[in-house]
Participant: 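Questions regarding the structure given below will be posed in turn.
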Amino acid sequence: MAARRLLGLLALAVLLAAADAGVTSAYRRKLEATADMPLDADVFRAPPGYNAPQQVHITLGDQTGTAMTVSWVTPDEPGNGTVAYGLSPETMVLSAKATLTRYDYYNYTSGFIHHCTLTKLKHGVKYYYAMGFGHTVRTFSFTTPPKPGPDVPFKFGLIGDLGQTFDSNSTVSHYEANGGDAVLFVGDLSYADNYPLHDNNRWDTWARFVERSVAYQPWLWTAGNHELDYDPEIGETTLFKPFTHRYPTPYRAAGSTEPFWYSVKIASAHIIVLSSYSSYGKYTPQWLWLSQELGRVDRKTTPWLIVLLHSPWYNSNNYHYMEGETMRVQFERWLVDAKVDIVLAGHVHSYERSRRFSNIEYDIVNGKATPVHNLDAPVYINIGDGGNIEGIADNFTKPMPAYSAFREASFGHATLEIKNRTHAYYEWHRNHDGAKVTADSVWLTNRYWMPTDDSN
Ligand SMILES: [Fe+2]
């Protein structure tokens, strides 16, 4: 009888332990090469018409979306740099002038790159916009984000490390099917630098490929290592040259001095973008800006505090192992003290979600260096699974660390649906399923308004 009771207790203990353990997904994707789409792929096709605007994309032009920056490229000549906009395709009576830029990268010369910030927009309103006057006019539309407020719902798409493979195309299609109002992009856009001489034509193909989403809703950019385009052997030593010429960010509105770290306030979320590839040590511009920025966060207006960066602080994959560690050591305590809700990262080409853990007790004297459960800590989500040419990172550390809640080596995207000041619904979708199938999901509660244990 006593033996049976002992067995029962043992079984219960095993069950409890299992309930507490994280999940290394047993899902095994079919093994196949991850190949870039060929240059003649339909998604890379240039729009018809002489000097037709191509590679159209938008991002926030100020901190809350009462300005929107429209960018595009004209291939043949500068053309007309005016954007007309208004509340219907027939009444685009407002207009703004673009700035024009070009750049050389070794033996490549870019097309004519236009950036135009539309200002004095109203929150939560659909606008139509057009450019290319004089030759080929193209018309698009977007809806500005709603005015920031504590219970304003909003749905973000979360994408990283996208590239331009057939898998990348699947990721974008899945995201389009699930729907979101803006994308938080955690870095590594085109992977043009994987080609000889960083073939910048692959920056052009990438921008034509994603136009179908980013011309209609803002994507917020984070700088990844594939944006560095540093190649001294061919004399290219200006960091982020193609990226900065092509992808503006609203950094000045955020009091930043560089485009690689900045913040925006969308609906009920305050989003801070950091650069893993700019200096962040004490006294550096990024360090100083972040120290001040955290003091500007107002959780009563924007309850959700979300941080984007490229190289993850918590990730249990053997690829890029510990690369984010120095930045974690520099900033983790600040983020825990600020009760950041979510930290999004990419870089590692797989999916992983953490529990609320922190590792901020270490100093050189006490030697404490174990991540511990901490309800003030953010959930770390690694969404570097966009499907680029470098393939999947399928080599997880064993055993699975206690801080990891779910991990899987598949391509996909995620969505974050903020409902109100206390609740947000997060789900991850793998590309090998139908777009609507949810492979991982969790209800997150807000660290400021409802700091319950939501990550187990
Ligand atoms: Fe990366």
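We're numbering straight along the sequence, starting at 1. Below, all heavy atoms of this structure are taken into account, side chains as well, without hydrogens, waters or symmetry copies. Owing to the predicted nature of the structure, the values given are computational and were not obtained by experimental measurement. Counting convention: from 1, in listed order, for ligands and their atoms alike.
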Participant: Got Phe243 and Asp229 here, is their nearest side-chain heavy-atom distance under 4.5 Å?
Facilitator: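 They are not in side-chain contact.
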Participant: Side chains of His174 and His429: do they bring a donor and an acceptor to under 3.5 Å?
Facilitator: no
Participant: Checking one value in my table: which N/O/S atom of Asp188 lies closest to the Fe ion (ligand 1)?
Facilitator: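 Answer by atom name: OD2.
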Participant: Tell me whether the Fe ion (ligand 1) has His310 as a neighbour, meaning an N, O or S atom of it below 2.8 Å.
Facilitator: yes
Participant: Would Asp161 count as a contact for the Fe ion (ligand 1), in the sense that one of its N, O or S atoms lies under 2.8 Å from it?
Facilitator: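 Here the distance criterion (N, O or S atom, under 2.8 Å) is not met by Asp161, so no.
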Participant: Would you say Ser311 reaches the Fe ion (ligand 1) with an N/O/S atom under 2.8 Å?
Facilitator: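 It does not: Ser311 brings no N, O or S atom closer than 2.8 Å to the Fe ion (ligand 1).
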Participant: For Tyr247 and His57, I'd like to know if the aromatic rings sit close, meaning centre-to-centre distance below 6.0 Å.
Facilitator: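 Centroid separation for Tyr247 and His57: below 6.0 Å.
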Participant: How about His347: does one of its N, O or S atoms come closer than 2.8 Å to the Fe ion (ligand 1)?
Facilitator: yes
Participant: With Phe240 as reference, evaluate Tyr105, Tyr230, Tyr103, Phe260 under the ring pair (Phe, Tyr, Trp, His ring centres under 6.0 Å) test and give the passing residue.
Facilitator: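 For Phe240, the ring pair (Phe, Tyr, Trp, His ring centres under 6.0 Å) test succeeds with only one of Tyr105, Tyr230, Tyr103, Phe260, which is Phe260.
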Participant: With the threshold set at 4.0 Å, does a side-chain nitrogen-carboxylate oxygen contact exist between Arg430 and Asp440?
Facilitator: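 Looking at Arg430 and Asp440, the cut-off is not met.
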